[in-house]
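Below: the structure, in structure tokens.
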Amino acid sequence: MHKAPRGTFDILPQEHAYWKYAEEKAVSLCLLYGYQPLSTPIFEDAQLFTRTVGGGTDIVDKEMYVFQDKGGQELALRAEGTAPVCRAYLEHGLFNLAQPVKLYYIGPAFRYERPQAGRYRQHHQFGFEALGEADPVLDAEVIEMAWRLFISLGLSGVSIQLNSIGCKLCRPGYLEVLRQHYSGYAERLCSDCKARLTRKPLRLLDCKQAVCQEIAGTAPKTTDHLCHECRLHFETVHGYLGTLGIPFYLNHRLVRGLDYYTRTVFEVEPQEKGGQSSLGGGGRYDDLIETLGGNPTPGVGFAAGLERIVLNLKRESPDIPPLPRPVAFVAYLGPEAKIEALKIASELRKAELAIIMATGDKSLKGQMRQANSLGSTYAVILGKEELSNRNAILRDMGSGDQQTVPLTELTRVLKQGQK
RNA sequence: GUGAGCGUAGCCUAGUGGUUAAGGCGCCAGGUUGUGGCCCUGGAGAUCGUGGGUUCAAAUCCCACCGUUCACCCCA
């Protein structure tokens with residue numbers, strides 16, 4: 001027996017009610033803010049990710065699905081959403097459009113990780129990006145969108161964590177100060193942090209080991225070492241968020257696991273926190289497009305994990321609209337009626353009515369059971385008697401009322417009854 | 001990659017060494033002529049995660065592997 005590969009899963013019809021709900025909310029949010037859809041391939045040149053996400057990050061070093069195709073191309077399954085969007089922006093000359101260019105995407109991403117709740121090897125990301133504009137008002141817009149997404153989904157108690165990690169001008173200076181702070185404690189650090197000290201010093205800040213937390217607690221803050229422009233930018237973002245009434249918490253330990261972030265970084269946490277709690281995260285990436293060979297072009301964006309949204313939807317269970325049900329189930333008795341049922345089902349479907357036709361020559365009782373379990377609004381019943389009079393019985397499955405309707409009237413009556 | 005818990009029909013669960021592995025949900029059929037939901041009756045459906053081992057005898061004990069969950073890690 002084959003099983004879905006480790007860390008992957010099937011989304012069964014029942015489940016899709018949640019997914020459809022989440023995706024529809026996400027898409028309508030984006031359209032509301034003027035973000036347009038962009039779909040990118042499921043695999044890309046591996047370099048696209050190694051150059052942007054950064055060597056030394058776990059994503060690049062140990063989690064990417066990298067393979068060679070038959071032409072010897074080194075490809076990688078999409079590891080995250082932002083770099084492909086920037087690639088498409090450059091490839092199609094979207095910098096020639098009025099800036100900023102606002103795009104959104106929904107699609108799978110792949111990382112070879114140890115699966116657990118809320119963490120999969122294939123997960124689905126929804127994200128939006130605004131490219132070509134450095135105005136802090138866009139940072140605020142993106143954060144507002146992230147906030148509004150979860151509000152519109154009906155998830156209560158989500159919170160936004162905010163920080164600024166500076167730019168390529170001020171960050172080196174900060175990292176120096178940070179290393180100095182840690183130099184006295186090098187012996188006491190956990191083994192991971194000893195490695196971070198030279199490779200990824202920013203990540204020292206979000207280590208969860210008790211010892212390291214203590215040291216990180218007294219560490220210098222990124223926000224105290226921002227250059228003038230970065231500080232101004234950050235303060236302006238605060239101001240705009242205040243104007244918008246978006247609540248947020250400053251978190252001086254918030255850094256992100258991808259190298260391309262500059263200045264604003266933020267994360268969205270649900271009310272109920274667990275191991276894999278983060279619902280989504282984002283920030284500014286003003287050097288990313290330049291890294292890909294474009295002209296210096298600022299960008300800011302956000303990405304959320306649909307699995308984690310669905311997880312929280314189930315936990316809080318706001319009203320999720322059920323999947324659509326058939327308007328009518330067409331039942332028949334005997335081979336002549338079956339032919340007529342086939343014609344009628346086809347006609348009704350031409351009129352955009354969702355119809356399920358009986359199959360397999362079951363007893364009427366069996367057919368009615370099926371109509372019931374499918375949640376059909378009506379049953380259309382065709383027997384010998386109805387057939388000879390060119391009628392059908394129309395049964396309302398909710399009330400149990402039934403009437404005889406001429407076949408020629410069936411579409412009209414069902415159309416009316418659909419509401 | 002590290003540590004821990006779990007793995008019995010599609011789903012949930014009982015069964016901790018001894019005859020045909022039990023129940024509930026769901027599914028299928030029937031409860032007299034062509035009518036669902038409730039109820040009743042019957043039926044199908046399980047190599048007890050996989051492979052080895054211990055034993056006269058293993059779902060039950062041991063080992064390995066796989067999967068899953070939780071934590072670390074990482075991040076969405």
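Naming: A, B, ... by sequence-line order, numbering from 1 per chain.
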> Taking atom P of C74(B) as reference, at what distance in whole Å does atom CZ of R121(A) sit?
Replying inline: 17 Å
> Does any nucleotide pair with U55(B) by Watson-Crick or G-U wobble geometry, both distances under 3.5 Å, and what is it?
Replying inline: none
> Rounded to the Å, how far apart are I59(A) CD1 and G1(B) P?
Replying inline: 18 Å
>> Expressed as a whole number of angstroms, how long is the span from L374(A):CG to C27(B):P?
In response: 10 Å
>> Under the rule for salt bridge (Lys or Arg N to Asp or Glu O under 4.0 Å), what residues qualify as partners of K221(A), not counting sequence neighbours?
In response: none
>> On the six-membered ring of Y33(A), is K102(A) placed so that its NZ or CZ lies under 6.0 angstrom from the centre and within 45° of the ring axis?
In response: no
>> Under 4.0 Å, heavy atoms only, any strand: does A371(A) hit a base, just the sugar-phosphate, or nothing?
In response: nothing
> With sugar-phosphate meaning primed atoms plus P, OP1 and OP2, does F329(A) contact a base, only sugar-phosphate, or nothing at under 4.0 Å between heavy atoms?
Replying inline: nothing
> To the nearest angstrom, how far is Q213(A) atom CD from C73(B) atom C1'?
Replying inline: 14 Å
> Roughly how far apart, to the nearest Å, are U60(B) and G15(B) at atom P?
Replying inline: 15 Å
> Mind checking the P distance from G18(B) to G24(B)? Whole angstroms is fine.
Replying inline: 24 Å
> If you check every side-chain atom of R196(A), which of C74(B), A76(B), C72(B) has the closest atom?
Replying inline: C74(B)
> On a whole-Å scale, what distance lies between the C1' atoms belonging to G67(B) and U50(B)?
Replying inline: 10 Å
> Can you tell me the Watson-Crick or wobble partner of G43(B), both distances under 3.5 angstrom?
Replying inline: C27(B)
>> Check D401(A) with R395(A), please: is the shortest side-chain N to carboxylate O separation under 4.0 Å?
In response: no
> Looking at A76(B), U2(B), U69(B), which one has an atom nearest to any side-chain atom of R114(A)?
Replying inline: U2(B)
> Taking the P atom of each, how far is G10(B) from U47(B), in whole Å?
Replying inline: 7 Å
> What string of B, S and - do you get for nucleotides 29-36 of chain B, 5' to 3', when a contact is any protein heavy atom under 4.0 Å?
Replying inline: BBB--BBB
>> Determine whether the aromatic ring of H124(A) stacks with the base of A76(B), defined as ring centroids separated by less than 5.5 Å and ring planes inclined by less than 30°.
In response: no
> Between R412(A) and E409(A), is there a side-chain N and carboxylate O pair less than 4.0 Å apart?
Replying inline: yes
> What integer number of Å spans the C1' atoms of U8(B) and G23(B)?
Replying inline: 13 Å
> Can you find a side-chain donor-acceptor pair between E129(A) and Y104(A) that sits under 3.5 Å?
Replying inline: no
> For R369(A), which residues count as a side chain to side chain contact (heavy atoms under 4.5 Å, CB included) partner, sequence neighbours excluded?
Replying inline: K365(A)
> Taking the nucleotide of RNA chain B with the closest heavy atom to each, which residue, R6(A) or G280(A), is nearer the 5' end?
Replying inline: R6(A)
> What is the distance, rounded to the nearest whole Å, between atom CZ of R199(A) and atom P of C74(B)?
Replying inline: 13 Å
>> Just the rounded figure in Å: distance from P of A76(B) to CG of L153(A).
In response: 18 Å
> Taking any strand in view, what nucleotide pairs with U2(B) in a Watson-Crick or G-U wobble way, both distances under 3.5 Å?
Replying inline: A71(B)
>> Which nucleotide, if any, forms a Watson-Crick or G-U wobble pair with C38(B), using both distances under 3.5 Å?
In response: none
>> In this structure, how many angstroms lie between the P atom of C74(B) and the CE atom of M64(A), rounded?
In response: 18 Å
> Taking for each residue the nucleotide of RNA chain B with the nearest heavy atom, is it F302(A) or C207(A) whose nucleotide lies nearer the 5' end?
Replying inline: C207(A)
>> In whole Å, measure the gap between the C1' atoms of A58(B) and C48(B) for me.
In response: 11 Å
> Looking only at side chains, do H16(A) and Q14(A) share a donor and an acceptor under 3.5 Å apart?
Replying inline: no
>> Determine whether the aromatic ring centres of residues F266(A) and F302(A) are separated by less than 6.0 angstrom.
In response: yes
>> Give me the distance, rounded to whole Å, that separates A59(B) from G42(B) when you measure between the P atoms they each carry.
In response: 28 Å
> Do R87(A) side-chain atoms and L48(A) backbone N/O form a donor-acceptor pair below 3.5 Å?
Replying inline: no
>> Would you measure the distance from the C1' atom in A9(B) across to the matching atom in G45(B) and give it in whole Å?
In response: 6 Å
> What is the pairing partner of U50(B), taking Watson-Crick or G-U wobble pairs with both distances under 3.5 Å in any strand?
Replying inline: A64(B)
>> Let's test this: given Watson-Crick or G-U wobble pairing with both distances under 3.5 Å, identify the partner of A9(B).
In response: none
> Expressed in angstrom and rounded to an integer, what is the separation of E113(A) atom CD from U69(B) atom P?
Replying inline: 13 Å
